[in-house]
Amino acid sequence: MKRNIILTGFMGCGKSTIGRLTSSLTGFEYIDMDMLIQRQHSMSVSEIFEVYGENYFRKAERGICKLCSLISSYIIATGGGVIKDEDNMHNLSRNGVIVYLSSSPGKIYSNLKHDNSRPLLSGGNKLEKITQMLNERTPLYEKYAEICIDVSNTFPENAAKLLLHEVMQISSIRASLEVNNENLHN
Ligand code: S3P
């Protein structure tokens, strides 16, 4: 039996917005892995990258993934790079259904063009960076996902409903969703 819903996907694809909406539809609590790391350090992700470097951030991210295997009834928004580490995905999938929210480079760019909070996209041509990183990572997002939802042209409210519909088809988590929210079918 699995008891969490894990949202993966590239930076700026809408994991937090869709995660919060899915949380309100299910009664599962919403958490964001980057927020937890930021709170632990009282620093933004950009500051952590700048002061301690990316490897340090990835280590903190691995620690949070381990913790996530121990909690239940959560919608967990991951950082976009979580899929680069096989152990992370092993830990997350122990108690969670992995959902990949896929989006196009153009949509991601339009979501992030005025955003300076992603250190891996700072400097240079942002659209090119997004396109290149997305090409590299897409096989990994797809490899680990039990459910893939294309959110490029979908309103977040509809994406959350679709996500829930798809998750309900997965028998290993259906029961825990039903326990949490008797109104799911209404
Ligand atoms: C990263 C994604 C970010 C954050 C960090 C690294 C990545 O999270 O974890 O900047 O490697 O894709 P979001 O996907 O929430 O932006």
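As the structure is a prediction and not an experimental result, all values here were calculated from the model. Just follow the structure's listing: the first ligand is 1, and inside any ligand the first atom is 1.
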heavy-atom search around atom 5 (C) of ligand 1 in the protein gives V45 CG1, 3.8 Å

Within the side chain of S152, is there an N or O that forms a donor-acceptor pair under 3.5 Å with the backbone of S104? yes

Among R118, Q38, R137, E61, the residue with a heavy atom nearest to atom 12 (O) of ligand 1 is R137

Using a strict threshold of under 4.0 Å (side-chain N to carboxylate O), is an ion pair present between E146 and K2? yes

Subject >> Salt bridge E54-R58, side-chain N to carboxylate O under 4.0 Å >> reply: yes

In ligand 1, the atoms that come under 4.0 Å of a heavy atom of F57 are 9 (O)

Whether K129 and E136 form a salt bridge (side-chain N of Lys/Arg under 4.0 Å from carboxylate O of Asp/Glu) is what I want to check.
no

Subject >> Beyond-backbone contact of E86 with Y144, side-chain heavy atoms, under 4.5 angstrom >> reply: yes

N-O pairing of D87 and R62 below 4.0 Å = no

For R58, the atoms of ligand 1 under 4.0 Å from one of its heavy atoms are 6 (C), 7 (C), 11 (O)

| request: Give the ring-plane orientation class for F10 versus Y141, where under 30° counts as parallel, over 60° as perpendicular and anything between as tilted. | output: perpendicular

closest protein heavy atom to atom 14 (O) of ligand 1 is K15 NZ, 2.6 Å

Contact region, L120 to ligand 1, non-hydrogen atoms below 4.0 Å, reads side chain

Candidates P119, S44, S16, G81; heavy atom nearest atom 7 (C) of ligand 1 found on G81

At the 4.0 Å heavy-atom cut-off, does M133 count as touching ligand 1?
no

Closest heavy-atom pair, R3 versus F28, reported as atoms and distance to 0.1 Å, is O-CE2, 3.3 Å

* Asked: Looking only at distance, does G80 have an N or O less than 3.5 Å from an N or O of ligand 1?
  -> yes

Ligand 1 atoms nearer than 4.0 angstrom to some heavy atom of G79 are 8 (O), 9 (O), 14 (O)

If you scan protein heavy atoms around atom 4 (C) of ligand 1, the nearest is D34 OD2, 3.1 Å

